[in-house]
Amino acid sequence: MENPILDAKRELIQWIKEMDELEDIAELLEIKNKMVSSGVVAESQAEYAVKDDFDERFAKGISGEELMKRVYAHIESLPWKEK
């Protein structure tokens, strides 16, 4: 038993070979381009999907007061040279 998809493709290929109208061919090219471009974009988005975890990272962060304490401690630990 032959694959029905292959039969359909052969029929479409034969039909397209016999086409003479430029407008019809242009419509088919438009359909092809839409299908090709939409498939590429969808794959890229799925491949590079990134979880938005800003709220979680923000909750784990330090407060403004803790930041200032660390900044002052770091400044005081620097090897200052007196002139």
Side-chain angles (χ1 to χ4, degrees):
M1 179 176 201
E2 204 165 318
N3 188 342
I5 293 176
L6 291 177
D7 291 338
K9 287 180 179 182
R10 285 186 190 115
E11 184 179 336
L12 284 171
I13 290 169
Q14 187 59 40
W15 177 65
I16 292 169
K17 283 181 180 180
E18 294 170 1
M19 272 187 172
D20 290 331
E21 292 295 321
L22 185 59
E23 290 177 7
D24 295 337
I25 295 171
E27 280 185 56
L28 289 173
L29 284 172
E30 252 182 71
I31 292 169
K32 181 196 130 232
N33 290 336
K34 285 179 185 177
M35 292 179 76
V36 169
S37 65
S38 68
V40 170
V41 171
E43 289 175 6
S44 296
Q45 290 174 347
E47 185 177 343
Y48 297 107
V50 176
K51 179 184 170 193
D52 182 14
D53 61 346
F54 174 79
D55 293 328
E56 292 173 24
R57 290 183 289 127
F58 187 79
K60 292 178 184 176
I62 61 173
S63 67
E65 292 174 6
E66 179 64 25
L67 172 66
M68 293 310 294
K69 285 180 189 176
R70 291 183 186 186
V71 168
Y72 287 126
H74 177 70
I75 290 172
E76 290 176 9
S77 71
L78 293 173
W80 297 104
K81 292 182 181 179
E82 291 184 27
K83 287 188 173 186

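Sequential numbering from 1 along the given sequence is applied to the chain's residues.
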inquiry  = Hydrophobic clustering (ILVMFWY, side-chain heavy atoms < 4.5 Å, transitive) - are I5 and I16 grouped together?
reply    =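 Different hydrophobic clusters.
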
Nearest-0.5 Å distance, [atom1] of residue [X] to [atom2] of residue [Y]:
| X | Y | atom1 | atom2 | result |
| --- | --- | --- | --- | --- |
| M19 | W15 | CE | CH2 | 3.0 Å |
| L78 | H74 | CG | NE2 | 4.5 Å |
| Q14 | L12 | CD | CG | 11.0 Å |

Tell me, please, which residues at least two apart from [X] pass side chain to side chain donor-acceptor pair (under 3.5 Å).
| X | answer |
| --- | --- |
| E66 | R70 |
| D53 | R57 |
| E23 | none |

request  = Sequence neighbours left out, what passes side chain to side chain contact (heavy atoms under 4.5 Å, CB included) with L29? Give chain and number order.
outcome  =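 Applying side chain to side chain contact (heavy atoms under 4.5 Å, CB included) to L29 gives I25.
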
message = Tell me whether the count of non-hydrogen atoms from other residues, nucleotides or ligands lying under 6.0 Å of CD in E18 goes above 12.
response = yes

Residue list, ring pair (Phe, Tyr, Trp, His ring centres under 6.0 Å) with F58, at least two apart or on another chain =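 With sequence neighbours excluded, F58 shows a ring pair (Phe, Tyr, Trp, His ring centres under 6.0 Å) to F54, given in chain and number order.
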
message = Which residues end up grouped with I13 if you chain together Ile, Leu, Val, Met, Phe, Trp and Tyr wherever their side-chain heavy atoms are less than 4.5 Å apart?
response = none

